[in-house]
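Data block below; observations after.
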Amino acid sequence: MASLPSVLVGNNTLKLQPDFKKHLPNTSNLSIHQKGNYNNKTSTTQLVESHESVSLDFREALSVIQDGTSGFESNVYIPILQECVKNRSVSETQMIHAHIIKTGTFEDLYLMTFVVNVYGKCGEMDFARKLLDQLPKKNVVTWTSLMSGYIQSLEPIVAVRVFSEMLEDGTYPTNFTLGVVLHACTLLYSVKLGEQIHGFIVKYQVEDDTSIGNALSCLYSKCGSLDSAVKAFSRTGDKNVISWTTAISACGDNGDSVKGLSLFTEMLYDGVEPNEYTFTSVMSLCCVMQALGVGSQVHSLSIKLGYQYNLPVTNSIMYLYLKCGHIDEAKKLFEGMETISLVTWNAMIAGHAQMMEQAEDSLSAHSSGMEALNIFKRLNRSNMKPDLFTFSSVLTVCSALVALEQGEQLHAQTIKTGYLSDVVVGTALVNMYNKCGSIEKACKAFIEMSIRTMISWTSMITAFSQHGHSQQALQLFEDMRLAGVRPNKITFVAVLSACSHAGMVDEGLAYFKMMKHEYKIKPVTDHYACLIDMYVRLGCRSHGKLELGFYAAEQLLNLNPKDCETYVLLLNMYLNAGRYQDVSRVRKRMKEEKVGKLKDWSWISIRDKVHSFKPDDRLCPPGGEVDLLLGDLLEKARNIGYEPHGSLEVTDEEEEDKTTSKIIHHSEKLAVAYGLLNSPNAVPIRVIKSISMCRDCHSFIKLISVLTERDIIIRDSKRLHKFVNGQCSCGDFGSLM
DNA sequence: CTAGGGTTAG
């Protein structure tokens with residue numbers, strides 16, 4: 001007998017029921033496949049005769065079905081239904097469905113369950129539900145298929161409701177059903193519900209089932225409980241590649257990359273072959289750990305196993321190279337790829353954004369940022385369209401470059417493309433406007449968001465705080481809590497710095513306690529730095545708080561033993577308090593830790609070009625226009641009471657005495673002067689600086705803002721300074737050096 | 001009928 005056209009049969013060998021060997025009560029109703037048997041002859045010989053062995057395409061197959069006046073066996077319908085899933089063709093599914101009803105095959109429970117599935121996979125849950133309700137008989141697979149459809153349509157609550165409906169109907173779940181309902185719990189982040197199901201699983205002793213174990217470990221991982229996730233994994237009997245991959249990425253998601261890598265090793269010893277998902281997960285662990293060595297070994301392994309031209313795998317290794325600063329390797333991969341996807345572009349852009357953040361000095365940071373913008377331009381010229389990942393990365397780059405114009409263009413582009421409504425993009429916009437010095441636009445962007453995450457709230461609180469609007473920052477923090485959004489450590493950095501800014505020491509301490517006790521957040525350097533700010537602001541008026549300041553200082557030192565700016569902060573603090581023993585102790589420690597000199601760079605973006613400056617820059621020679629302008633401004637400033645004060649230059653002790661007499665042209669003075677000379681009047685000057693501003697520059701630039709009637713925005717490594725008419729948004733406590 | 005991954009904001 002000639003074989004059936006392959007399009008009608010395909011090569012789908014449906015596996016009969018699963019490895020569910022455990023005795024859930026009454027699972028005998030699993031024997032539903034009696035009709036899905038493939039060995040029987042079909043009633044479609046006429047099709048075979050007319051088309052011989054030529055493959056029919058989807059359309060032809062459909063018309064054959066449509067013309068058929070009597071029903072076919074289910075194995076005729078199924079390949080076509082599968083094709084419907086692939087093409088998401090709902091109306092075709094309906095046509096087939098109608099044909100089945102018309103010709104009386106609807107009593108085939110297996111086939112009808114398949115149709116429920118197809119509707120579910122096409123996102124047509126109303127059709128799926130209606131069909132299930134109309135079926136004269138349904139079994140656990142029918143119910144599970146419906147649940148699975150609801151999950152794919154992101155309606156986990158309905159899926160859970162269907163589950164309990166099924167139980168009330170007297171149908172017992174299988175391992176698959178439990179896996180599906182656990183997945184619903186995962187989407188709902190409901191450990192509580194999950195634990196109820198888990199109880200059921202323990203009771204029936206099916207914890208070692210693979211589907212169940214995998215679903216449990218995924219649930220606990222996504223709900224932030226790595227221990228439980230690993231426990232579920234270790235109780236799984238037959239660990240397949242999915243079990244391992246789930247466990248490995250659980251470690252990654254929950255901040256234990258080392259454990260993730262060791263699980264990967266264990267997996268290899270266990271003889272389980274990794275697949276592309278495993279590789280990408282492992283690469284992302286390597287990214288976090290900056291483990292380029294391990295990464296390239298894994299890369300070799302992936303090539304050995306045939307993943308050399310696998311797009312996700314290549315994307316992830318390319319991103320790893322970028323994150324580790326190996327830009328040439330990354331470029332080589334990029335240029336050598338057979339096909340690239342939007343993810344590839346995004347990885348390149350995000351990778352450069354990362355390099356910008358990790359750069360040792362401001363200049364290379366800046367060139368990474370510019371490269372990211374270039375790649376974005378290339379993407380725009382290609383036939384691909386940027387998505388929310390692209391926009392959020394590029395907006396971040398604009399924030400770091402204080403490139404307001406590009407940022408505004410991106411804003412327009414997100415409106416046009418509809419990505420503005422995305423919460424991550426919206427948040428990135430808030431940040432961009434904040435970092436470019438426009439609190440009004442940041443605020444507007446925040447208000448216009450329809451959904452806000454913890455990070456959105458935090459961004460806006462940070463914006464208020466950095467702009468010196470402490471009351472609004474604290475008010476928004478209370479709003480956030482009222483909205484039931486849980487703050488994190490960064491939220492508290494913003495809250496504490498708002499308090500320190502406004503001199504609200506008691507409130508600041510109260511929030512510090514709230515953070516530790518109510519939210520169980522461990523303080524990090526930035527929190528201690530805020531406390532020290534408060535202390536400095538308070539001076540030595542209260543002995544108890546003085547001790548608090550020193551306590552915070554020591555914590556900061558221990559947490560941050562390599563950071564030059566921390567030392568500058570501490571040295572000034574101890575100098576002001578006249579504690580010279582501590583001064584020399586800190587200095588000694590600096591030597592021991594081999595803390596380098598601060599690298600003072602500033603840059604300013606004028607139109608599409610960015611200009612960078614270092615102190616007493618050769619590009620601004622004496623007698624040049626920048627020098628002349630600064631001299632002129634200095635004299636005018638002196639006339640209205642400015643007196644240059646020396647600042648503490650770190651690490652070169654011999655130079656210390658000279659500093660008081662010398663007027664230092666720190667880089668931001670040069671950048672500001674350059675900006676004044678090269679941009680139209682009334683346009684705010686926006687400068688980025690690699691380290692914190694010193695006191696001298698801070699007071700000088702306040703006066704420049706008066707003398708030139710220009711708004712000057714300087715973003716230094718710690719905060720934002722917006723100088724308007726002689727006042728700075730930081731409240732003068734942002735410059736301690 | 002089920003389960004897994006890479007690019008993301010403070």
Side-chain angles (χ1 to χ4, degrees), chain A residues 14-15 17-18 20 30 32 110 113-114 116-117 120-121 139-149 151 174-183 186 209-219 221 236 240-250 252 274-284 287 310-320 322 341-351 353-354 387-393 395-396 399 422-432 434-435 453-463 487-491 493-494:
Chain A
L14 280 196
K15 284 185 207 110
Q17 244 335 45
F20 195 42
L30 284 178
I32 41 99
Y110 167 74
T113 298
F114 207 102
V116 171
N117 228 306
K121 289 215 168 107
N139 64 19
V140 61
V141 183
T142 327
W143 286 106
T144 308
S145 297
L146 187 69
M147 286 165 59
S148 166
I151 285 177
T174 68
N175 57 337
F176 290 131
T177 321
L178 294 173
V180 171
V181 76
L182 283 170
H183 192 209
T186 308
D209 177 87
T210 310
S211 299
I212 290 176
N214 293 355
L216 277 174
S217 108
C218 178
L219 166 75
S221 161
T236 306
N240 61 17
V241 60
I242 296 174
S243 321
W244 287 99
T245 307
T246 309
I248 290 168
S249 48
N275 63 16
E276 58 172 310
Y277 296 106
T278 325
F279 281 123
T280 46
S281 298
V282 171
M283 286 304 175
S284 109
C287 268
N310 181 290
L311 193 49
V313 173
T314 315
N315 284 339
S316 64
I317 181 83
M318 188 189 78
Y319 188 64
L320 175 66
L322 286 171
S341 62
L342 184 56
V343 175
T344 318
W345 287 110
N346 287 349
M348 281 295 273
I349 293 170
Q354 281 283 331
D387 70 354
L388 67 170
F389 289 108
T390 328
F391 283 123
S392 50
S393 292
L395 281 168
T396 310
S399 313
D422 179 80
V423 64
V424 177
V425 172
T427 306
L429 261 180
V430 172
N431 282 317
M432 186 276 292
N434 169 37
K435 291 194 169 166
T453 61
M454 178 270 289
I455 297 173
S456 324
W457 288 93
T458 300
S459 301
M460 196 60 228
I461 295 169
T462 304
N488 75 350
K489 61 181 180 186
I490 293 155
T491 323
V493 172

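Chain A is the first sequence line, chain B the second, and so forth, proteins listed ahead of strands; every chain is numbered from 1.
- Listed pair A:Ser459 / B:dA9 fails the phosphate criterion, with no side-chain N or O lying under 4.0 Å from OP1 or OP2.
- Checking the phosphate oxygens (OP1, OP2) of B:dA9, no side-chain nitrogen or oxygen of A:Lys435 falls inside 4.0 Å.
- Inspection of the A:Thr113 and A:Ser145 side chains reveals no N or O donor paired with an N or O acceptor under 3.5 Å.
- Between the CG atom of A:Leu216 and the P atom of B:dT2 there is a distance of 18 Å, given to the nearest Å.
- Put simply, A:Tyr319 has a side-chain N or O that comes within less than 4.0 Å of OP1 or OP2 on B:dT8.
- Rounding to whole angstrom units, CG of residue A:Asn346 and C1' of B:dT8 are separated by 9 Å.
- Every residue two or more places apart in sequence or in another chain was checked for a side-chain hydrogen bond (donor to acceptor under 3.5 Å, both in side chains) with A:Ser281, and none qualifies.
- Within 4.0 Å (heavy atoms only), A:Ala215 reaches no atom of the nucleic acid at all.
- The distance between atom CG of A:Asn240 and atom P of B:dA3, rounded to the nearest whole Å, is 12 Å.
- Distances from the side chain of A:His183 to the nucleotides B:dT7, B:dA3, B:dG5 place B:dA3 closest.
- Atom CG in A:Leu311 sits about 18 Å away from atom P in B:dG5, given to the nearest Å.
- Atom-to-atom, CG of A:Asn434 to P of B:dA9 comes out at 16 Å; the value is rounded to the nearest Å.
- Residue A:Val180 is classed as a sugar-phosphate contact, given heavy-atom separations below 4.0 Å to backbone atoms only.
- Looking at residues two or more places apart in sequence or on another chain, you find a side chain to side chain contact (heavy atoms under 4.5 Å, CB included) between A:Asp422 and A:Leu388, A:Val424, A:Val425.
- Straight-line distance from the CD1 atom of A:Ile349 to the P atom of B:dA9: 12 Å, rounded to whole Å.
- For A:Ile455, taking side-chain heavy atoms from C-beta onward, the closest of the listed nucleotides B:dG5, B:dA9, B:dG6 is B:dA9.
- Below the 3.5 angstrom threshold, one finds no donor paired with an acceptor across the side chain of A:Ser392 and the base of B:dT8.
- Within the 3.5 Å criterion, the main-chain N or O of A:Met454 finds a donor-acceptor partner in the side chain of A:Thr458.
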